[in-house]
Structure formats: C-alpha cells, structure tokens
Amino acid sequence: MAIDTGRRGLVSAAAALVLGPVVIMASARPKARVIKIVAKKFEFVPAEIHVKQGETVMLQFNAPEVPMGFNLPDFKLRTDIMPGRVISLELRPDRAGTFTFLCDVFCGSGHEDMNGTLIVT
C-alpha cells in the first residue's frame, strides 16, 4: 500500500508540473469585452461599434422580431440571428479601419438599408 500512495503522489506532482502553466495561462487571458447588439427591423442597435485592434470582443446578438443575419465580410464573420436566442460571435480584429456589417437575411422592405459600421483603432 505504501507503494501505491507514493505513485499517486508522484503522478499528482507530475500532473501539477505539466498542467500548472496551462491553468496559469488560461487564467491570465483577459475576458473578452461583451458588446450587445439588437437586430430589429431595419437596424442594428448600436449601428456603430468601436473596438481596438487586437482586442478580443464577444458580439452578442438578439432579434426580437424576425430572423436576421449578421455579416462582417472583411473579417469573414457571419451568423444567423433567431428570435428568442442570444447568438455570440468572438471578434479579434487584426487591422485598423472602418468596416461595414450588414443583415444578409431578407427581413422586409427596409432590409437593403440595414447595416452598421465597425471602427477599429
């Protein structure tokens, strides 16, 4: 029995050495800033989003009325937004500039004007 206890201790120590840095690295990563966006007829609220280059943000969408879409082609980011659900997309822009996002699911007669702006500084 003394041998089993020793082995367990050795295995625990080895696991701590291997996993310890992983746990520290995971906890050192800052939490993403959450930006809530409502997709409603026929606008995104807010229509202008400001982020910093390299900043990780979590875009959280909801659509209170009908199915919508979100498309940010410059960053190859796209999702459907369904009523009654919160949809999350992580964004970490790698370049500065002004980028247009738009609804790409037809939502009615004002659909063609449903867009917004991402400003990355």
Side-chain angles (χ1 to χ4, degrees):
M1 209 170 222
I3 294 173
D4 285 342
T5 303
R7 283 186 185 158
R8 271 190 242 136
L10 185 58
V11 169
S12 295
L17 285 173
V18 171
L19 296 176
V22 173
V23 172
I24 291 169
M25 286 173 39
S27 64
R29 183 177 174 185
K31 288 182 84 173
R33 178 169 60 108
V34 174
I35 300 172
K36 295 183 179 192
I37 302 167
V38 179
K40 60 183 188 173
K41 289 184 177 180
F42 296 98
E43 63 180 332
F44 288 101
V45 179
E48 192 171 281
I49 301 168
H50 294 262
V51 299
K52 293 182 175 145
Q53 183 176 341
E55 175 187 18
T56 301
V57 294
M58 185 64 66
L59 304 175
Q60 284 188 343
F61 299 93
N62 72 56
E65 302 159 326
V66 297
M68 302 281 187
F70 173 83
N71 192 346
L72 180 58
D74 291 299
F75 292 97
K76 296 179 176 55
L77 215 60
R78 196 223 163 265
T79 190
D80 289 322
I81 309 165
M82 303 305 290
R85 295 181 54 199
V86 174
I87 305 298
S88 297
L89 282 179
E90 185 175 278
L91 170 65
R92 185 173 183 186
D94 58 357
R95 60 193 178 279
T98 301
F99 309 94
T100 299
F101 57 87
L102 52 101
C103 176
D104 63 357
V105 173
F106 183 74
C107 54
S109 62
H111 166 77
E112 60 279 351
D113 296 322
M114 188 173 171
N115 56 53
T117 306
L118 171 71
I119 300 170
V120 182
T121 54

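Throughout, numbering of the chain's residues begins at 1 and tracks the sequence.
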Check your understanding: Counting only heavy atoms not in Arg95, do more than 12 sit closer than 6.0 Å to its CZ atom?
Key -> yes
Point to revise | Straight-line distance of Lys36 NZ to Ser88 OG, nearest 0.5 Å | key: 9.5 Å
Practice item. Flag the pair Glu55 and Arg33 as a salt bridge only when some basic side-chain nitrogen lies within less than 4.0 angstrom of an acidic carboxylate oxygen. Key: yes
Review point. Are Phe42 and Ile81 connected in the hydrophobic side-chain network, where two residues link if heavy atoms are under 4.5 Å apart?
Key: no
Point to revise | Pairwise distance CZ(Phe101) to CZ(Arg78) - rounded to 0.5 angstrom | key: 14.5 Å
Check your understanding: Atom CE in Met68, atom CG in Asp80: separation rounded to 0.5 Å?
Key -> 12.0 Å
Revision key, fill the gap. Minimal heavy-atom distance between Lys41 and Glu65, with the atoms involved, is N-OE1, 2.6 Å
Check your understanding: CG/Asn71 to OG1/Thr100 distance, rounded to the nearest 0.5 angstrom?
Key -> 11.0 Å
Review point. What are the two closest heavy atoms between Gln60 and Val86, and how far apart are they?
Key: CB-CG1, 4.1 Å
**Study point:** Hydrophobic cluster membership, Leu77 vs Val38, 4.5 Å side-chain cutoff
**Key:** no
Practice item. Find the distance between NZ (Lys40) and SG (Cys107) and round it off to the nearest 0.5 Å. Key: 13.0 Å
Exercise for review: Name the orientation class of the two ring planes belonging to Phe61 and Phe70 (parallel below 30°, tilted from 30 to 60°, perpendicular beyond 60°).
Suggested key: tilted
**Study point:** Interatomic distance, Asn62 atom CG to Ile37 atom CD1 [nearest 0.5 angstrom]
**Key:** 10.0 Å
**Study point:** Same apolar cluster (I L V M F W Y, side chains within < 4.5 Å links), Ile87/Leu102
**Key:** no
**Study point:** Joint cluster assignment, Phe44 & Phe75, ILVMFWY side-chain distance < 4.5 Å
**Key:** yes
Review point. Under a single-linkage definition using a 4.5 Å side-chain heavy-atom cutoff for Ile, Leu, Val, Met, Phe, Trp and Tyr, are Val105 and Met114 assigned to the same hydrophobic cluster?
Key: no
Review point. Is Lys76 salt-bridged to Asp74, cutoff N-O under 4.0 Å?
Key: no
